[in-house]
Novice: 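Got a structure for you, written out below as structure tokens; questions coming shortly.
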Amino acid sequence: GEVEEAYEWNTGEVIVETFRERAPLDVPAVLVNGHGPFAWGPSGGKAVENAFALETVADMALRTLAIDSAPGGLPAHVLDKHFLRKHGKGAYYGQG
């Protein structure tokens with residue numbers, strides 16, 4: 001039903017639902033099943049940069065799966081460290 005009626009609107013709704021509890025500029029891209037990638041930013045240039053980063057990460061993920069079809073994930077504290085050092089209080093990585 002979502003595809004038959006208001007496909008574009010419903011695709012947008014899925015993205016909004018995904019980012020309901022996330023800051024969109026902290027995660028400026030999303031993959032939607034059965035659709036191409038979406039990327040955004042505070043400017044057109046930054047949106048293109050984010051789209052390129054998404055493609056690069058997707059390529060790295062594909063290559064990782066080619067090496068190991070069931071790679072383990074990072075522990076939450078390591079994920080938090082990588083994210084918060086750039087986006088958290090007292091961020092120090094990538095700051096001007």
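Here the structure is a predicted model, which means the values were calculated and not measured.
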Novice: With the side chain counted from C-beta on, respond yes when L54 and L31 share a heavy-atom pair under 4.5 Å apart, and no when they do not.
Specialist: yes
Novice: Please find the pair of heavy atoms, one from K46 and one from P42, that lie closest to each other, and give the distance.
Specialist: CG-CD, 3.6 Å
Novice: Going hydrophobic residue to hydrophobic residue with side-chain gaps under 4.5 angstrom, can you get from L25 over to I15?
Specialist: yes
Novice: CD of E13 to OG1 of T18: how many Å apart, nearest 0.5 Å?
Specialist: 11.0 Å
Novice: Taking all non-hydrogen atoms of both residues into account, name the closest pair between E5 and N10 and its distance.
Specialist: O-ND2, 2.9 Å
Novice: Indicate the atoms forming the closest heavy-atom contact of G41 with A47, along with that distance.
Specialist: N-CB, 3.8 Å
Novice: Say you draw a straight line from NE2 of H82 to NE2 of H77; how long is it, rounded to the nearest 0.5 Å?
Specialist: 9.5 Å
Novice: Do you reckon V32 sits in the same ILVMFWY cluster as F19, going by side-chain contacts under 4.5 Å, direct or chained?
Specialist: yes
Novice: Assess the residue pair Y93 and K81 against the criterion (side-chain contact (heavy atoms from CB on, under 4.5 Å)); give the C-alpha distance rounded to whole Å, side-chain angles, the decisive distance to 0.1 Å, and a yes or no.
Specialist: CA-CA 11 Å; Y93 181 80; K81 178 66 175 181; over 6 Å; no
Novice: Can you check side-chain contact (heavy atoms from CB on, under 4.5 Å) on V30 and W40, steps first, answer last?
Specialist: CA-CA 9 Å; V30 67; W40 51 87; 3.9 Å; yes
Novice: For atom CZ of F52, decide whether the heavy atoms of other residues, nucleotides or ligands shown that lie under 6.0 angstrom number more than 12.
Specialist: no
Novice: To the nearest 0.5 Å, what is the distance between CG (L84) and NZ (K86)?
Specialist: 13.0 Å
Novice: Are R20 and E17 close enough for a salt bridge, meaning some N to O gap below 4.0 Å?
Specialist: no
